[in-house]
A.B. asks: 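Quick one: the structure is below, questions incoming.
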Amino acid sequence: MPHSPEDKKRILTRVRRIRGQAEALERALENGDPCLAILQQIAAVRGAANGLMGEMMEIHLKDELVSGDTSEEQRALRMAEVGNLLRSYLK
């Protein structure tokens with residue numbers, strides 16, 4: 001979870017944008033829009049989700065690894081967690 005109010009506001013803004021895009025996708029499907037338009041909406045949702053993931057990753061790294069009071073062992077464990085997350089994300 002983002003710790004700073006600015007980070008939290010940015011993340012929530014991104015999530016709300018994704019929700020709007022998902023709702024637009026749902027409307028397009030309900031209206032029977034052409035496949036190309038629907039595919040473009042799907043690409044927009046995917047791009048927004050990727051942007052959210054990148055921003056959350058940056059916040060996590062900054063909060064937990066760079067500015068956190070942690071031992072070397074804790075940082076190594078957190079880096080392993082980040083590595084696992086990235087591998088699952090990039091599948």
Side-chain angles (χ1 to χ4, degrees):
M1 157 117 181
H3 297 293
S4 79
E6 297 84 20
D7 287 344
K8 185 175 181 178
K9 183 178 178 182
R10 264 194 343 269
I11 292 301
L12 286 172
T13 298
R14 281 185 176 269
V15 168
R16 290 179 183 125
R17 190 175 307 126
I18 292 169
R19 180 176 54 216
Q21 290 172 324
E23 289 170 353
L25 174 60
E26 182 179 8
R27 283 190 303 275
L29 288 165
E30 287 174 347
N31 294 337
D33 287 4
C35 286
L36 183 57
I38 291 170
L39 289 168
Q40 288 172 332
Q41 279 297 124
I42 292 169
V45 171
R46 182 179 63 187
N50 286 342
L52 174 64
M53 181 69 163
E55 186 131 9
M56 277 300 303
M57 185 67 64
E58 182 180 332
I59 289 168
H60 178 68
L61 291 172
K62 179 186 71 173
D63 288 350
E64 300 296 329
L65 299 176
V66 176
S67 42
D69 257 345
T70 57
S71 70
E72 190 68 32
E73 183 178 318
Q74 289 170 321
R75 281 194 296 276
L77 286 172
R78 289 182 178 153
M79 282 304 295
E81 290 171 356
V82 169
N84 289 335
L85 179 63
L86 284 172
R87 278 189 291 284
S88 67
Y89 175 69
L90 295 173
K91 283 185 180 179

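Remember, it's a predicted structure, so these values are computed and weren't measured experimentally.
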A.B. asks: Pairs in or reaching into residues 39-56: which pass side-chain hydrogen bond (donor to acceptor under 3.5 Å, both in side chains), with residues at least two apart or in two chains?
C.D. replies: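 Those involving residues 39-56 are Arg10-Glu55, Arg14-Glu55, Asn50-Tyr89.
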A.B. asks: Taking Leu12 as the starting point, is it possible to reach Ile59 by hopping between hydrophobic residues whose side chains are less than 4.5 Å apart?
C.D. replies: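 Different clusters.
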A.B. asks: Please indicate whether Gln74 has more than 12 foreign heavy atoms, meaning atoms of other residues, nucleotides or ligands, lying under 6.0 Å from its CD.
C.D. replies: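 Count over threshold, so yes.
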A.B. asks: Supply the atom-to-atom distance Ile42 CD1 to Leu25 CG, rounded to the nearest 0.5 angstrom.
C.D. replies: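 Result: 5.5 Å between the selected atoms.
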A.B. asks: What are the two closest non-hydrogen atoms of Ala48 and Ile18, and how far apart are they?
C.D. replies: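 In this case the closest contact between Ala48 and Ile18 is CB-CG1, 3.4 Å.
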A.B. asks: For Val82, check side-chain contact (heavy atoms from CB on, under 4.5 Å) against everything at least two apart and list the hits.
C.D. replies: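 For Val82, the residues satisfying side-chain contact (heavy atoms from CB on, under 4.5 Å) (neighbours in sequence not counted) are Met57, His60, Leu61, Leu86.
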A.B. asks: Might you work through the side-chain contact (heavy atoms from CB on, under 4.5 Å) test for Asn84 and Arg87, ending with a clear yes or no?
C.D. replies: CA-CA 5 Å; Asn84 289 335; Arg87 278 189 291 284; 2.6 Å; yes
A.B. asks: Does anything in residues 15-42 form a salt bridge (charged side-chain N to carboxylate O under 4.0 Å, His left out)? List the pairs, not counting sequence neighbours.
C.D. replies: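 Counting only pairs at least two positions apart or across chains, no salt bridge (charged side-chain N to carboxylate O under 4.0 Å, His left out) contact touches residues 15-42.
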